[in-house]
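Since the structure comes first, as structure tokens, the remarks are kept for the end.
Atoms considered below: every heavy atom in the structure, side chains included; atoms not considered: hydrogens, waters and symmetry mates. Keep in mind it's a predicted model, so treat the numbers as computed, not measured. Chain naming here is simple, since letters A, B, ... match the order of the sequence lines and numbering starts at 1 in each.
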Amino acid sequence: MSHTVDIPQSLKDSLRKFRFARRNAGSAAIVVRVNKQKLIMEEVETFDDISPEDLAEELPENSPRYVVLSYELVHSDGRKSFPLVLINWAPTSSEIGLLTLHASAFLDFQTTADVSKVIEVRDGAEGLTKQTIDAKLL
Amino acid sequence: MSAPEVHALGTTPITSHAFNGDRSQVAVSLNSNDVTIYSRQGKEWNVTDTLSEHDKLITSIDWAPNSNRIVTSSQDRNAYVWQETQDPQTGKMVWKPTLVLLRVNRAATFVRWSPNEDKFAVATGARAIAICSYDEENNWWVSRHLKKPIRSTVLSIDWHPNNVLLAAGSADMKARVFSAYIKDVDSRPPPSVWGERLPFNTVCGEYSSPSGGWVHAVGFSPTGDVLAFASHDSTVSIVYPSGPVIYTIKLNSLPYVTLTWTAEDSLVAAGHDCQPIVFSGSAGGWQLVGTLDDTSTSKSNGGTRGFGVAGSQVGRLNSAAFHTFRQADSRGSSSPTSAAGSGATDTELLTVHQNTITSIRPFSGSAEKVDQVSTTGVDGRLAIWDVNNVAELTGKMGALRLH
């Protein structure tokens with residue numbers, strides 16, 4: 001399968017580190033973007049203990065991003081687990097070329113990050129709330 | 001007291017016009033897919049440029065005075081931003097278009113730059129207004145939609161001086177004020193009479209006129225504290241949001257389709273009646289003052305009053321014979337007698353504009369005190385009026401000639 005966008009080793013290491021970091025409380029997130037000029041993926045920033053609404057505020061309104069979220073999930077019986085969720089942040093107002101590139105490289109990123117649960121957020125800040133994530137995971 | 005300056009730019013209707021910052025050029029859409037730019041040379045306007053990119057009729061043009069960019073909207077569901085750049089091969093200044101994807105599935109009807117010229121709003125038939133701003137990161141114009149609660153085509157829009165609020169008149173018979181606050185482009189606006197803390201797509205007010213009817217034109221006053229709108233039930237309404245108080249002026253004439261404020265207490269509206277009408281008032285009440293088109297003065301042969309067409313200075317080209325042939329060419333009337341004489345075959349109006357005025361814009365003066373306004377209409381004429389030249393609306397029922 002052809003790879004349009006390369007994933008540098010440094011990014012793969014960051015993802016591994018993020019995956020195995022011990023979590024006690026709060027949701028953490030790592031935000032990755034596609035660099036159109038160099039055709040590589042690069043890490044933008046990492047958040048420790050951020051709520052879904054704050055994360056939606058931080059993400060750009062007009063650019064696609066991949067977000068690996070370690071979400072603090074509270075089950076109905078009181079247990080707390082920290083599943084990994086992949087958010088495909090792809091607002092429709094983004095530039096078309098970048099959006100297509102982002103979509104084509106998404107499957108690649110998913111296998112690299114090794115995350116099975118995916119949430120698509122296409123409409124911007126309204127689509128990323130605690131309710132939507134809980135609905136997908138529970 | 002100066003007579004209006006009239007220029008016949010063509011015989012096709014002018015859908016929209018926009019002057020540049022120093023009023024030396026005007027961009028006009030002659031009911032076609034192209035923008036024609038006229039430059040002022042002496043007393044006349046001559047074609048200097050044609051901008052072709054749109055696939056369908058251009059519905060609206062706006063020219064940003066400070067950044068010298070033109071934005072055009074068209075029935076082909078797109079908008080283009082034109083920038084004057086130097087052509088690398090010839091060294092001349094050419095207009096280079098940048099496509100703006102509005103992401104709507106209906107025609108765009110109206111477009112206006114914001115006061116700071118960093119955004120523009122496009123009214124569309126898709127029951128939405130696209131607010132477009134430039135995204136530096138991706139080198140791309142990004143559009144966000146104002147959708148709720150618009151139920152039909154948006155016909156006209158006007159920006160508030162604070163660069164955030166937007167008034168929209170729609171075919172669902174309502175005039176609304178929206179907040180078009182874009183996160184990375186605007187700083188938090190100070191609270192105004194329309195509200196405070198205004199996230200994108202907040203409706204600050206929704207107004208309609210008593211008998212309903214499409215809202216053809218909306219306009220904020222120079223300070224932005226008052227809203228005026230003209231609707232199809234032949235009324236002009238002025239809204240003071242702090243009450244809220246709405247003054248509705250009902251008229252005997254045909255509806256108005258365009259309006260502009262000339263001062264905090266007066267505005268000029270024009271439309272199917274073919275003449276600009278002045279209204280004046282304050283928070284205590286509003287009334288009709290008069291018309292800018294003095295139809296009571298006697299007109300010479302064929303009503304060529306103040307014509308800026310070439311040859312009007314030269315006597316020999318202005319004789320009756322030449323005029324007869326000019327009439328026959330432009331209007332198809334072959335009557336050899338003067339227009340004022342024949343009754344049954346005469347189709348000429350007493351007003352300067354021979355057909356609906358579709359667009360009225362401030363021409364000179366500041367926003368708080370406009371001295372001249374420019375109008376274009378379906379008759380293909382561009383006229384520049386002195387705002388202080390107000391005549392009383394005579395009992396001639398506007399432009400209708402009664403025998």
*Show the numbers, then the answer: is there a salt bridge (charged side-chain N to carboxylate O under 4.0 Å, His left out) between Glu58(A) and Lys183(B)?*
CA-CA 11 Å; Glu58(A) 292 288 326; Lys183(B) 201 163 66 164; over 6 Å; no
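- The contact between Asn138(B) and chain A is made by backbone and side chain atoms together, counting heavy-atom distances below 4.5 Å.
- Looking only at side-chain heavy atoms (C-beta outward), Trp140(B) and Asn62(A) stay at 4.5 Å or farther from each other.
- Counting non-hydrogen atoms of other residues, nucleotides and ligands closer than 6.0 Å to CZ of Arg77(B) gives a total of 12 or fewer.
- For Trp214(B), the CH2 atom is loosely surrounded, since the number of other residues' heavy atoms within 6.0 Å does not exceed 12.
- No more than 12 heavy atoms of other residues, nucleotides or ligands lie within 6.0 Å of CZ in Arg16(A), so this atom counts as exposed by the packing criterion.
- Contact detail for Ser143(B) and Ser93(A): the closest heavy-atom pair is O-CB, 3.6 Å.
- Looking at Ser94(A), the atoms closer than 4.5 Å to chain B (heavy atoms on both sides) all sit in the backbone: N, CA, C or O.
- Under 4.0 Å is where a charged nitrogen must lie from a carboxylate oxygen, and between Glu95(A) and Arg103(B) no such pair does.
- Only the side chain of Leu101(B) comes within contact range of chain A, judged by heavy atoms closer than 4.5 Å.
- In plain terms, the two heavy atoms of Asp135(B) and Ser63(A) that are nearest each other are OD2-OG, 4.5 Å.
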